[in-house]
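Values below: all heavy atoms of this structure, side chains included; hydrogens, waters and symmetry mates excluded. Protein chains get the first letters and strands the later ones, always in sequence-line order, with residue 1 at the start of each.
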Amino acid sequence: MNLFSDIRALVVESLEAMVGEGALPEGLSFDNVTVEPPRDAAHGDMATNAAMVLAKPAKQKPRDIAEALAARLLADARIVKAEVAGPGFLNLRLDTGVWAGLVETVLTTDGYGQSTMGAGQKVNVEYVSANPTGPLHVGHTRGAVFGDALASLLEYAGHVVTREYYINDGGAQVDVLARSTYERYREALGHTPEIGEGLYPGDYLVPVGKALAELKGDVWLDQPESVWLDEVREYATAQMMDLIRADLKSLGVEMDVFFSEKSLYGTGRIEAALAALDAKGLIYEGVLAPPKGKLPEDWEPREQTLFKSTDHGDDVDRPVKKSDGAWTYFAPDIAYHFDKVERGFDALIDIFGADHGGYVKRMKAAVSALSDGKVPLDVKLTQLVKLFKNGEPFKMSKRAGTFVTLRDVVDQVGPDVTRFVMLTRKNDASLDFDFDKVLEQSRENPVFYVQYAHARVHSVLRKADALGVTLVDQPALVDEAELAVAKKLAEWPRLVEIAARTHEPHRIAFYLYELASEFHALWNRGNDKPELRFLQEGDLAATAAKIALPRAVAVVISAGLGILGVTPAEEMR
RNA sequence: GCACCCGUAGCUCAGCUGGAUAGAGCGCUGCCCUCCGAAGGCAGAGGUCUCGCGUUCGAAUCGCGACGGGUGCACCA
């Protein structure tokens with residue numbers, strides 16, 4: 001149920017009738033006809049641009065079309081007013097009964113706002129994908145929250161979603177992890193660890209080294225790397241993934257698939273992916289032209305195996321093999337995305353940190369080539385999170401060991417606040433995260449503000465329950481403030497579809513803030529007008545009718561917070 | 001030098017596949033608790049949407065070009 005699409009259907013129906021009568025010419029496209037909430041509530045409840053869009057192709061004046069359309073729409077019981085305004089807008093006023101009906105729908109429909117837009121399409125959302133070399137930090141947190149909310153949003157809009165994490169366990173950095181762990185292993189056996197430049201100094205490896213010492217004894221002491229590297233790497237990587245899984249769980253993020261990069265090596269899968277590209281004539285041996293502008297110090301032309309990504313929108317072709325014949329990091333990435341394509345997803349979404357913006361074009365080129373342009377890949381970049389403490393920038397240094405982990409954030413402010421705050425900004429805008437402000441209980445803090453609205457509803461419900469009110473689903477809407485809330489509720493399904501289509505979960509957070517705002521306004525109006533209070537003294541029937549609206553608000557807030565992965569609070573503490 | 005992202009009120013930011021007089025919070029001014037949770041609400045002041053050209057009935061939104069900020073730019077993953 002989406003009131004806006006219902007009314008749009010009515011508009012299109014009316015336009016078709018006009019065509020049938022010869023009032024409009026045949027063959028018009030109504031695709032661009034929209035029915036939207038007007039910017040200014042004084043303009044009415046909904047506005048359609050039909051007359052302006054059709055004026056040119058129909059060779060008629062917008063005003064004439066609008067007036068003919070208005071006359072038809074008024075025949076529908078739902079439309080009480082239709083007036084032409086501005087350059088040719090048709091402003092519609094809906095019958096109060098429509099809004100009451102909407103509130104009833106919210107209360108009686110299972111999953112009001114859920115959409116079938118996705119039509120069961122299989123979507124793969126890959127996010128976090130941090131190197132398995134240590135705990136997740138703040139930057140990963142934003143990617144985790146964003147990816148998870150986007151995945152939920154797409155599910156809510158009718159897609160079948162797979163949440164996936166790509167483990168970069170095939171490259172040099174896991175060797176570094178192994179060497180770092182080895183030093184902790186030595187340390188556990190009483191030696192002084194030699195953690196030189198380029199090794200990971202974090203003490204999260206201390207227990208790993210200790211466990212290894214208990215497991216293996218001293219057999220690896222004073223042994224060359226060739227003896228222990230493989231085993232230590234495998235052990236440490238597994239430990240780090242356990243750590244990461246636990247970090248994610250503390251945020252409420254659970255992946256469906258953890259995909260190992262290493263599983264691509266030595267199994268012919270990279271070769272297969274490149275063979276697929278080769279079969280399309282997209283692999284060749286060649287020398288890349290040096291970049292324009294200042295040359296890198298050690299530039300020298302080299303012949304390499306290249307992927308002709310420029311055929312699919314990239315700026316330059318990309319090497320898939322190094323000059324020594326080994327794969328570049330890009331090769332397994334291609335194989336990984338080839339695997340996703342072969343698993344039959346209808347759409348792929350990758351979420352990267354903004355510092356990986358440079359890889360977007362080549363990944364899109366690869367997926368385009370591998371799927372013959374049939375599987376779209378959308379890459380969303382998440383910008384920096386700037387940390388503050390009491391208004392002051394929070395200094396982070398990896399060297400000094402003062403970098404802030406996901407755990408630090410979740411432990412201090414909790415998963416709900418972390419998630420909501422991370423979603424109060426567009427993904428491609430940087431985000432200020434102040435440890436004190438996010439816990440503040442004021443309008444300035446959207447988490448609190450939305451939760452407060454939800455808690456207020458439940459406060460009313462508790463009281464109503466104590467009074468013995470029997471709930472009814474038909475509201476009595478009279479005041480403008482009540483109607484304003486109902487109208488906001490009507491926007492919810494439409495907003496879900498817009499947010500899902502644009503892959504922008506932050507729109508949900510902003511909507512919830514607006515809904516909460518309308519609700520708080522109504523609440524306060526009860527101060528001046530006792531007849532607007534939800535609890536009507538001594539009148540259980542009136543109370544039941546009054547609390548239908550706040551109940552509907554709670555339903556939508558609860559659904560919206562659910563998408564964001566935030567628990568709706570029934571009480572503020 | 002090239003690519004991508006960003007530029008909206010004093011500050012932090014929304015702005016719907018292009019729609020009407022561009023919105024919210026903070027801050028500033030003034031109001032509202034014998035009343036369901038004032039942890040709230042109402043009202044006011046504050047704008048050449050960085051600039052220019054173009055497309056369009058209509059541009060903050062689309063295209064081109066400047067300017068300003070961020071990020072990334074051959075074998076490292």
Strand partner of [N], provided both Watson-Crick or wobble distances fall under 3.5 Å:
N: B:rU55; value: none
N: B:rU48; value: none
N: B:rA43; value: B:rU29
N: B:rU12; value: B:rA24
N: B:rG7; value: B:rC67
N: B:rU34; value: none
N: B:rC76; value: none

Scan [X] against the nucleic acid and name what it touches under 4.0 Å (heavy atoms): base, sugar-phosphate only, or nothing.
X: A:F448; answer: base
X: A:V457; answer: nothing
X: A:A521; answer: sugar-phosphate
X: A:Y359; answer: base
X: A:I498; answer: base
X: A:E261; answer: sugar-phosphate
X: A:T34; answer: base
X: A:T328; answer: sugar-phosphate
X: A:E303; answer: nothing
X: A:N445; answer: nothing
X: A:E571; answer: base
X: A:K426; answer: sugar-phosphate
X: A:A47; answer: base

Taking atom types as modelled, is there a side-chain donor on A:E497 or A:S115 under 3.5 Å from an acceptor on the other? yes
If only side-chain N and O atoms count, and only distance matters, is there a donor-acceptor pair under 3.5 Å linking A:Y511 with A:R507? no
Less than 4.0 Å between a side-chain N and a carboxylate O, is that true for A:R93 and A:E83? no
Quick test of your reading of the model: are A:R494 and A:E36 salt-bridged, counting only N-O distances below 4.0 Å? yes
I'd like the [atom1] distance from [M] over to [N], given in whole Å.
N: B:rA14; M: B:rU29; atom1: C1'; value: 25 Å
N: B:rA3; M: B:rA74; atom1: P; value: 15 Å
N: B:rU17; M: B:rC76; atom1: C1'; value: 41 Å
N: B:rC5; M: B:rG15; atom1: P; value: 16 Å
N: B:rC16; M: B:rG23; atom1: C1'; value: 13 Å
N: B:rU12; M: B:rA20; atom1: C1'; value: 28 Å
N: B:rG68; M: B:rU8; atom1: C1'; value: 15 Å

Round to a whole Å and report the spacing from [atom1] of [X] to [atom2] of [N].
X: A:D528; N: B:rC36; atom1: CG; atom2: P; value: 13 Å
X: A:K386; N: B:rG70; atom1: NZ; atom2: P; value: 10 Å
X: A:N527; N: B:rU34; atom1: CG; atom2: C1'; value: 13 Å
X: A:N32; N: B:rG58; atom1: CG; atom2: P; value: 16 Å

Kindly say if [X] contacts the phosphate of [N], meaning a side-chain N or O under 4.0 Å from OP1 or OP2.
X: A:K361; N: B:rA3; answer: no
X: A:K546; N: B:rC36; answer: no
X: A:Y449; N: B:rG41; answer: yes
X: A:H506; N: B:rG15; answer: yes
X: A:R425; N: B:rU12; answer: no
X: A:W523; N: B:rA38; answer: yes
X: A:S459; N: B:rG37; answer: yes
X: A:K437; N: B:rC26; answer: no

Could you work out which one of [options] sits closest to the side chain of [X]?
X: A:F89; options: B:rC42, B:rA77, B:rA20; result: B:rA20
X: A:K56; options: B:rA74, B:rG37, B:rC57; result: B:rC57
X: A:F534; options: B:rG40, B:rA77, B:rC36; result: B:rC36
X: A:H520; options: B:rC5, B:rG40, B:rC57; result: B:rG40
X: A:R501; options: B:rA14, B:rA74, B:rC16; result: B:rC16
X: A:F510; options: B:rC13, B:rC36, B:rG37; result: B:rC13
X: A:D428; options: B:rA14, B:rC5, B:rA38; result: B:rC5

Give the intermediate values and the outcome of ring pair (Phe, Tyr, Trp, His ring centres under 6.0 Å) for residues A:F146 and A:Y127. CA-CA 8 Å; A:F146 176 81; A:Y127 55 110; 8.9 Å; no
Does [X] get its side chain close enough to the base of [N], under 3.5 Å, for a donor-acceptor pair?
X: A:R302; N: B:rA74; result: yes
X: A:N524; N: B:rA38; result: no
X: A:R456; N: B:rC36; result: no

Who pairs with A:Y166 by ring pair (Phe, Tyr, Trp, His ring centres under 6.0 Å), at least two apart in sequence or on another chain? A:Y336
Taking for each residue the nucleotide of RNA chain B bearing the nearest heavy atom, is the 5' side occupied by A:L381 or by A:L384? A:L381
RNA chain B: 5'-proximal contact among A:G526 and A:A172 (nearest heavy atom): A:G526
Check: A:F307 and A:D314 side chains under 4.5 Å, non-hydrogen atoms: no
Is it the case that more than 12 heavy atoms not belonging to A:E234 sit under 6.0 Å from its CD atom? no
Would you find more than 12 non-hydrogen atoms of other residues, nucleotides or ligands less than 6.0 Å from A:E537 atom CD? no
Stacking check: are the rings of A:H43 and B:rA20 less than 5.5 Å apart at their centres and under 30 degrees in tilt? yes
Mind checking whether A:H458 and A:H454 have parallel, tilted or perpendicular rings, split at 30° and 60°? tilted
